[in-house]
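Notes follow the structure.
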Amino acid sequence: MDHSVRSLFRLSSLYALGNIVVYLLTVATVSIYTRLLPVSEYGKIAMFSATLQVVMTLALCGLIPSMLRFTKEYGEAATLSSGLVSALISGSVVCMLLIYWAASLSGLVFGTPDYKTLLVVLAFIVLIENLAQPGLSLLRIEERMRLFWSIRIIRTAIQMMVAFLLIWWLKLGVYAVAYAVLFSGLVQLSTTLWVTRQYVTSPSWRLTRILFRYGVFHLFTSLAFWVLAYIDRYFLLRYCGYGDVGIYNLGYKLGSIVNFLYVQPFLQSWNARYLGVSIKARDLDGWNRFFSNVIEKYTIIGVTIGISLTVWARELVLLVSGEPYLPAVPIIAGITFSLVIFGIHHALQWGIMRAPTPIFLPIPIIVATLTNIGLNMLLIPKYGMIGAMSATVISYVMLTVVGLILTQKRAQYKPKILWRIPMSFIVCYIVFVLITMWLTPVWERILLWCVYMVTLYLYLATRYGAKGTIQQLKALTYSIFKI
């Protein structure tokens, strides 16, 4: 493993460790929700979270990728100050619109205007979260990871404790979650502003316009990703009810372990380190080797983590939420596979994202989103949660395929990647998931997992030899766990 790949995965390990802690706190919070509240009430929490995500996407207006793209070019102070102005403007507009339309949106999301107050609380959450994002993005760019993750972890822990107290003591249900998010968001905002205060200066209105212009393409892309990830809850609510929404959301949440543990750390380090890097013509061969190496290593690690998670999906559901949520087991397997595939897509989009105005960036996600909506309408009425999961898997595969085709046709940099090895592992992953997600005895799943691990070792030994395999494992271990 060459030094640049090792460095990339080492930075990913910092994100991974922080994500693991945040995710464990999130799972503990979900366990509180699912054990103290009825399944239908957890379904309402799922709908609140999905709505918060889409409103946050609108309010941010692509600000985070804009800051990652232009901070190295314009400097930390100017970019942070302009980012704060952008966040204040867009967040305030969205907040006021939410308050004005709260009753109507409550009827649209929950089927009744009774949750108007909940959406008013959500409006203030959006403004607070928006203002915290420029500072958090700056910490990522400067690779001040211990500080970045300390803020995130403390915020998540506060949110969990406040939610538990409000649910257990005051019996507030979904409102407990909203108030907990609001209070912990205030703590995160005040801390972030304090640690980045030395960079705050007069904003550049020219840079503010640049951030908006670049971010608008990411806005449409982010909205499409929200549809891809969350629209199935609304279809499930319409055709199946809050109970199925709650079970499906738990499966999606637990399937996202691979996202927190591996995919997002990889993408966060990838964006922070390489989004602002330029490629020269004389370096193309080296970059092609680098991309092939990254995709191969990413796929092998992602498939191994995903398969290992699928083996223990049933036991994980029982541990977190109990037998009423066992129908979420096959959901975990499908979502895990989809998220591993998503990481490959995002890395391939790098050539398109490097453009000053990334006009081709929304195309793959728009195609995948339209596919997802159509499949949800077709499959959910007949197959329920399994239909929603199937629509998600097919849509993520479509996303990756269209992104690959577009990158090779339209990107400024067209990576030449050797696909034989990554595709072999992906096919192996598909076969494994199709078999194991329906197996009940744990020993059968463990046996199949052992078969995969032996196959992985034989591949490494065949390619690198016995000594080379040990060296690769040492390099890989160093890359993932060295801090």
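Computed over heavy atoms, backbone and side chain alike; hydrogens, waters and symmetry mates excluded. Quick note: residue numbers are just sequence positions, from 1.
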Check your understanding: From Tyr42 OH over to Ser49 OG, what is the distance, rounded to the nearest 0.5 angstrom?
Key -> 7.5 Å
Point to revise | Nearest heavy-atom neighbours spanning Leu80 and Met67 | key: CA-CE, 4.0 Å
Exercise for review: Report the residue from Met47, Lys44, Met385 that forms a side chain to side chain contact (heavy atoms under 4.5 Å, CB included) with Val245.
Suggested key: Met47
Would the number of heavy atoms belonging to other residues, nucleotides or ligands and lying under 6.0 Å from [atom1] of [X] be above 12?
X      : atom1 : result
Arg238 : CZ    : no
Met56  : CE    : yes
Phe183 : CZ    : no
Phe225 : CZ    : yes

Check your understanding: Of all residues at least two apart in sequence or in a different chain, which pass the side chain to side chain contact (heavy atoms under 4.5 Å, CB included) check with Ile32?
Key -> Leu36, Met160, Phe164
Would you confirm whether [X], through its side chain, and [Y], through its main-chain N or O, come within 3.5 Å as a donor-acceptor pair?
X      : Y      : answer
Ser204 : Ala78  : no
Ser81  : Thr201 : yes
Gln188 : Arg152 : no
Asn376 : Asn372 : yes

Tabulate below the donor-acceptor pairs under 3.5 Å that side-chain atoms of residues 88-96 make, not counting sequence neighbours, or state none.
{"from": "Ser90", "atom 1": "OG", "to": "Ala59", "atom 2": "O", "distance (Å)": "2.5"}
{"from": "Ser90", "atom 1": "OG", "to": "Ser86", "atom 2": "O", "distance (Å)": "2.8"}
{"from": "Ser90", "atom 1": "OG", "to": "Asn130", "atom 2": "ND2", "distance (Å)": "3.2"}
{"from": "Ser92", "atom 1": "OG", "to": "Leu88", "atom 2": "O", "distance (Å)": "2.7"}

Check your understanding: Is there a side-chain contact between Ser106 and Asp114 (heavy atoms, below 4.5 Å)?
Key -> no
Check your understanding: How are the rings of Tyr252 and Tyr230 set relative to one another: parallel (under 30°), tilted (30 to 60°) or perpendicular (over 60°)?
Key -> parallel
